[in-house]
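Below is one structure, written out as C-alpha coordinates; the observations come after it.
Model, not experiment: these values are computed from the prediction.
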Amino acid sequence: MPALRFIGTNSRDGDCPTLYEVEGTDQILVQGDRVTAPEQLAELRHVKEHETFVTVPRELLVRFAPRAEPREVIPFPEIAHLFREFRHTAWRLESRRGYASDRNSPAWALWKAGGDVTAEPPNTWRENVAQAAAEGRRFERVRIVDEPLTEGQRFLLASGLGNVAAGEDIRNLPRAEAERLNLPAHDFWLFDSRLLARFVFDEDDTTLGVILSEDPAEIAAACQARDAAWHYAIPTHEYAQRVPSAM
(Lines give C-alpha, C1' and ligand atoms only; values in the text may rest on other atoms or scores of the structure.)
Protein backbone atom coordinates (compact mmCIF):
# COMPACT_ATOMS: atom_id res chain seq x y z
CA MET A 1 0.00 0.00 0.00
CA PRO A 2 1.62 3.32 -1.04
CA ALA A 3 2.41 5.74 1.78
CA LEU A 4 0.87 9.19 2.06
CA ARG A 5 2.90 12.39 2.09
CA PHE A 6 1.39 15.45 3.73
CA ILE A 7 1.29 18.35 1.25
CA GLY A 8 -0.52 21.12 3.07
CA THR A 9 -3.54 22.38 4.93
CA ASN A 10 -5.19 25.69 5.70
CA SER A 11 -6.81 24.36 8.85
CA ARG A 12 -5.92 26.24 12.01
CA ASP A 13 -6.89 23.41 14.36
CA GLY A 14 -5.02 20.45 12.90
CA ASP A 15 -8.14 19.00 11.32
CA CYS A 16 -9.32 18.91 7.71
CA PRO A 17 -9.14 20.12 5.01
CA THR A 18 -5.78 18.65 4.00
CA LEU A 19 -4.04 17.43 0.85
CA TYR A 20 -1.80 14.36 0.66
CA GLU A 21 0.21 12.85 -2.17
CA VAL A 22 -0.02 9.08 -2.64
CA GLU A 23 3.71 8.31 -2.88
CA GLY A 24 4.90 6.91 -6.17
CA THR A 25 1.68 7.74 -8.02
CA ASP A 26 0.00 10.72 -9.65
CA GLN A 27 -2.88 10.56 -7.15
CA ILE A 28 -3.78 13.25 -4.58
CA LEU A 29 -5.82 12.31 -1.50
CA VAL A 30 -8.19 15.04 -0.31
CA GLN A 31 -9.35 15.18 3.32
CA GLY A 32 -12.41 17.35 3.91
CA ASP A 33 -15.93 17.50 5.21
CA ARG A 34 -18.11 14.72 3.80
CA VAL A 35 -20.95 15.80 1.52
CA THR A 36 -24.23 14.53 2.96
CA ALA A 37 -26.85 16.97 1.62
CA PRO A 38 -29.28 14.82 -0.46
CA GLU A 39 -29.92 17.62 -2.96
CA GLN A 40 -26.17 17.95 -3.66
CA LEU A 41 -25.60 14.22 -3.91
CA ALA A 42 -28.49 13.99 -6.36
CA GLU A 43 -26.72 16.38 -8.72
CA LEU A 44 -23.47 14.37 -8.88
CA ARG A 45 -22.85 12.45 -12.09
CA HIS A 46 -21.70 8.88 -12.75
CA VAL A 47 -21.46 8.02 -9.05
CA LYS A 48 -19.96 4.61 -8.24
CA GLU A 49 -20.92 2.66 -5.15
CA HIS A 50 -17.43 2.85 -3.64
CA GLU A 51 -17.05 6.64 -4.09
CA THR A 52 -17.45 9.32 -1.45
CA PHE A 53 -17.29 13.10 -1.69
CA VAL A 54 -15.75 15.88 0.35
CA THR A 55 -15.57 19.65 0.14
CA VAL A 56 -12.46 21.80 0.56
CA PRO A 57 -11.86 25.54 0.21
CA ARG A 58 -10.66 26.72 -3.19
CA GLU A 59 -7.72 28.37 -1.41
CA LEU A 60 -6.36 24.96 -0.38
CA LEU A 61 -6.12 23.80 -3.98
CA VAL A 62 -4.72 27.11 -5.19
CA ARG A 63 -1.98 27.12 -2.57
CA PHE A 64 -1.00 23.47 -2.33
CA ALA A 65 -2.20 21.39 -5.29
CA PRO A 66 0.85 20.21 -7.28
CA ARG A 67 1.20 21.75 -10.72
CA ALA A 68 3.59 19.19 -12.19
CA GLU A 69 3.74 15.45 -12.80
CA PRO A 70 5.53 13.29 -10.18
CA ARG A 71 9.30 13.20 -10.67
CA GLU A 72 11.65 10.27 -10.38
CA VAL A 73 13.83 9.53 -7.37
CA ILE A 74 17.48 10.31 -8.08
CA PRO A 75 20.54 9.28 -6.04
CA PHE A 76 21.53 11.82 -3.41
CA PRO A 77 25.11 12.21 -4.75
CA GLU A 78 23.63 13.69 -7.95
CA ILE A 79 22.65 16.84 -6.06
CA ALA A 80 26.01 17.29 -4.29
CA HIS A 81 26.85 20.21 -6.57
CA LEU A 82 23.86 22.18 -5.23
CA PHE A 83 25.55 22.55 -1.86
CA ARG A 84 28.44 24.36 -3.55
CA GLU A 85 26.49 26.31 -6.13
CA PHE A 86 23.54 27.80 -4.23
CA ARG A 87 23.62 31.58 -4.17
CA HIS A 88 21.96 32.61 -0.90
CA THR A 89 20.50 29.90 1.36
CA ALA A 90 20.46 26.14 1.72
CA TRP A 91 17.78 25.26 4.26
CA ARG A 92 17.04 21.80 5.67
CA LEU A 93 14.11 20.33 7.57
CA GLU A 94 14.85 17.09 9.43
CA SER A 95 11.84 15.19 10.69
CA ARG A 96 12.97 11.62 11.37
CA ARG A 97 13.82 10.04 14.71
CA GLY A 98 17.08 8.59 13.40
CA TYR A 99 19.14 8.10 10.24
CA ALA A 100 20.93 4.99 9.02
CA SER A 101 23.76 7.17 7.69
CA ASP A 102 24.47 8.34 11.25
CA ARG A 103 24.32 4.87 12.77
CA ASN A 104 26.77 3.59 10.15
CA SER A 105 29.30 6.39 10.65
CA PRO A 106 32.58 6.25 12.62
CA ALA A 107 31.36 9.22 14.66
CA TRP A 108 28.43 7.14 15.92
CA ALA A 109 30.74 4.43 17.23
CA LEU A 110 32.90 7.08 18.89
CA TRP A 111 29.88 8.70 20.51
CA LYS A 112 28.50 5.34 21.71
CA ALA A 113 31.87 4.67 23.32
CA GLY A 114 31.64 7.94 25.23
CA GLY A 115 33.98 9.91 22.97
CA ASP A 116 33.70 13.60 22.15
CA VAL A 117 32.17 14.16 18.72
CA THR A 118 31.84 17.93 19.09
CA ALA A 119 35.43 18.54 18.00
CA GLU A 120 35.90 16.16 15.09
CA PRO A 121 38.57 17.17 12.57
CA PRO A 122 37.44 19.24 9.59
CA ASN A 123 35.63 17.30 6.89
CA THR A 124 34.38 18.15 3.41
CA TRP A 125 30.95 19.23 4.65
CA ARG A 126 32.28 21.60 7.30
CA GLU A 127 34.89 23.04 4.98
CA ASN A 128 32.16 23.83 2.45
CA VAL A 129 29.97 25.35 5.19
CA ALA A 130 32.84 27.53 6.37
CA GLN A 131 33.56 28.74 2.85
CA ALA A 132 29.91 29.55 2.24
CA ALA A 133 29.70 31.45 5.53
CA ALA A 134 32.78 33.47 4.60
CA GLU A 135 31.02 34.45 1.37
CA GLY A 136 27.83 35.47 3.17
CA ARG A 137 25.83 32.42 2.07
CA ARG A 138 23.82 30.59 4.72
CA PHE A 139 23.44 26.94 5.67
CA GLU A 140 20.43 26.63 7.99
CA ARG A 141 18.67 23.61 9.46
CA VAL A 142 15.74 22.83 11.74
CA ARG A 143 15.62 19.45 13.43
CA ILE A 144 12.27 18.24 14.72
CA VAL A 145 12.99 16.45 17.98
CA ASP A 146 11.06 14.24 20.36
CA GLU A 147 10.96 14.85 24.10
CA PRO A 148 12.69 12.87 25.43
CA LEU A 149 15.16 12.74 22.55
CA THR A 150 15.68 9.49 20.69
CA GLU A 151 19.17 8.03 20.56
CA GLY A 152 19.63 9.32 17.04
CA GLN A 153 18.54 12.81 18.05
CA ARG A 154 20.93 12.87 21.01
CA PHE A 155 23.76 11.96 18.66
CA LEU A 156 22.83 14.75 16.24
CA LEU A 157 22.60 17.27 19.05
CA ALA A 158 26.11 16.39 20.17
CA SER A 159 27.74 16.11 16.76
CA GLY A 160 25.89 19.12 15.38
CA LEU A 161 27.91 21.50 17.53
CA GLY A 162 30.86 20.98 15.20
CA ASN A 163 28.74 22.01 12.23
CA VAL A 164 27.58 25.08 14.14
CA ALA A 165 31.21 26.00 14.83
CA ALA A 166 31.88 25.77 11.09
CA GLY A 167 29.11 28.29 10.39
CA GLU A 168 25.90 26.29 10.01
CA ASP A 169 22.88 27.60 11.92
CA ILE A 170 21.14 24.52 13.35
CA ARG A 171 18.02 24.82 15.47
CA ASN A 172 15.74 22.34 17.22
CA LEU A 173 11.95 22.24 17.35
CA PRO A 174 9.91 19.93 19.63
CA ARG A 175 7.70 17.58 17.62
CA ALA A 176 4.56 18.71 19.44
CA GLU A 177 5.23 22.25 18.26
CA ALA A 178 5.93 21.06 14.72
CA GLU A 179 2.60 19.25 14.66
CA ARG A 180 0.83 22.35 15.97
CA LEU A 181 2.37 24.30 13.11
CA ASN A 182 1.32 21.62 10.57
CA LEU A 183 4.91 21.22 9.40
CA PRO A 184 5.63 18.53 6.80
CA ALA A 185 6.51 15.06 8.08
CA HIS A 186 9.24 14.61 5.47
CA ASP A 187 12.83 15.81 5.10
CA PHE A 188 13.90 18.26 2.45
CA TRP A 189 16.53 20.76 1.36
CA LEU A 190 15.37 24.09 -0.04
CA PHE A 191 17.89 25.95 -2.18
CA ASP A 192 17.48 29.71 -2.68
CA SER A 193 13.71 29.40 -2.11
CA ARG A 194 13.32 28.03 -5.64
CA LEU A 195 14.51 24.39 -5.77
CA LEU A 196 13.24 21.65 -3.45
CA ALA A 197 15.02 18.35 -2.85
CA ARG A 198 12.70 16.01 -0.92
CA PHE A 199 14.22 12.91 0.67
CA VAL A 200 12.86 9.40 0.20
CA PHE A 201 13.70 6.86 2.93
CA ASP A 202 13.01 3.18 3.47
CA GLU A 203 11.63 1.75 6.70
CA ASP A 204 15.17 1.45 8.14
CA ASP A 205 15.90 5.19 7.76
CA THR A 206 18.18 4.60 4.77
CA THR A 207 18.16 7.34 2.16
CA LEU A 208 16.89 5.95 -1.15
CA GLY A 209 17.35 9.25 -2.98
CA VAL A 210 15.70 12.62 -3.47
CA ILE A 211 12.98 14.08 -5.65
CA LEU A 212 13.71 17.50 -7.16
CA SER A 213 10.92 20.00 -7.72
CA GLU A 214 10.49 23.59 -8.84
CA ASP A 215 6.69 23.31 -8.67
CA PRO A 216 5.45 26.70 -7.41
CA ALA A 217 2.96 25.13 -4.99
CA GLU A 218 5.60 22.86 -3.45
CA ILE A 219 8.13 25.68 -3.21
CA ALA A 220 5.57 27.97 -1.55
CA ALA A 221 4.64 25.26 0.96
CA ALA A 222 8.32 24.63 1.76
CA CYS A 223 8.94 28.36 2.25
CA GLN A 224 5.95 28.61 4.59
CA ALA A 225 7.19 25.60 6.57
CA ARG A 226 10.66 27.15 6.78
CA ASP A 227 9.36 30.48 8.06
CA ALA A 228 7.14 28.88 10.70
CA ALA A 229 9.79 26.41 11.87
CA TRP A 230 12.55 29.02 12.01
CA HIS A 231 10.42 31.37 14.10
CA TYR A 232 9.88 28.82 16.87
CA ALA A 233 13.02 26.66 16.68
CA ILE A 234 15.67 26.89 19.41
CA PRO A 235 19.38 27.40 18.54
CA THR A 236 21.51 24.32 19.13
CA HIS A 237 23.72 25.74 21.89
CA GLU A 238 20.66 26.89 23.83
CA TYR A 239 18.80 23.63 23.30
CA ALA A 240 21.84 21.55 24.31
CA GLN A 241 21.81 23.24 27.71
CA ARG A 242 18.36 21.76 28.27
CA VAL A 243 19.57 18.24 27.44
CA PRO A 244 22.96 17.87 29.15
CA SER A 245 22.86 14.08 28.76
CA ALA A 246 23.27 14.51 25.02
CA MET A 247 26.78 15.88 25.38
State whether [X] and [Y] are salt-bridged, where the test is any N-O pair (Lys NZ or Arg NE/NH1/NH2 against Asp/Glu carboxylate O) under 4.0 Å.
X	Y	value
R97	D205	no
E214	R194	yes
D192	R87	no
D187	R198	no
K112	E151	yes
R143	E168	no

[Y] versus [X], side-chain donor and acceptor atoms under 3.5 Å:
X	Y	result
R137	T89	no
E127	Q131	no
D116	T118	yes

What's the shortest heavy-atom distance between [X] and [Y], and which atoms?
X	Y	result
S193	I219	O-CG2, 3.2 Å
A100	D204	CB-O, 3.7 Å
N128	F83	ND2-O, 2.9 Å
V56	G32	CG1-CA, 4.2 Å
A166	V129	O-CG1, 3.7 Å
V73	G209	CG1-CA, 3.6 Å

Is it true that the NZ or CZ of R34 lies under 6.0 Å from the centre of F53's six-membered ring and within 45 degrees of the ring axis?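 Not flagged: R34 not positioned over aromatic ring of F53.
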Compare all side-chain heavy atoms of [X] with those of [Y] and state whether any distance is below 4.5 angstrom.
X	Y	result
N172	V142	no
D33	V54	no
L29	L19	no
L196	W189	no
P184	L93	yes
R92	F139	no
F199	H186	no
V22	L4	yes

Single-linkage hydrophobic cluster, 4.5 Å side-chain cutoff, [X] and [Y] together:
X	Y	answer
F188	I144	yes
L157	L173	no
F76	F191	yes
L61	I28	yes
Y232	W230	yes

Pair I211-I74, side chain to side chain contact (heavy atoms under 4.5 Å, CB included): steps then yes or no: CA-CA 6 Å; I211 298 174; I74 64 173; over 6 Å; no
Please determine whether the number of non-hydrogen atoms from other residues, nucleotides or ligands lying under 6.0 Å from atom CD of E39 exceeds 12.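 It does: E39 CD has more than 12 such atoms within range.
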CA sep, side-chain torsions, deciding dist, call: T236, L161, side chain to side chain contact (heavy atoms under 4.5 Å, CB included): CA-CA 7 Å; T236 288; L161 293 172; 3.4 Å; yes
Check whether any side-chain N or O of [X] sits under 3.5 Å from a backbone N or O of [Y] as a donor-acceptor pair, and report yes or no.
X	Y	value
E51	K48	yes
D202	T206	yes
S159	F155	yes
D215	A217	yes
N123	R126	yes

Could you grab the distance from atom [atom1] of [X] to atom [atom2] of [Y], nearest 0.5 Å is fine?
X	Y	atom1	atom2	value
D102	Q153	CG	CD	11.0 Å
L190	E140	CG	CD	10.5 Å
L156	L149	CG	CG	10.0 Å
H231	R171	NE2	CZ	11.0 Å
L181	E179	CG	CD	10.0 Å
E218	L195	CD	CG	11.0 Å

I'd like to know whether Q31 forms a side chain to side chain contact (heavy atoms under 4.5 Å, CB included) with Y20, so could you lay out the CA-CA distance, the side-chain angles of the two residues, the decisive distance to 0.1 Å, and finally the verdict. CA-CA 8 Å; Q31 176 186 354; Y20 302 87; 3.1 Å; yes
Ring centroid separation F86 to W91 under 6.0 Å: no
Derivation of the salt bridge (charged side-chain N to carboxylate O under 4.0 Å, His left out) call for E147 and R175: CA-CA 8 Å; E147 295 184 325; R175 191 171 300 277; over 6 Å; no
Parallel, tilted or perpendicular: ring planes of W108 versus W111, cut at 30 and 60 degrees: tilted
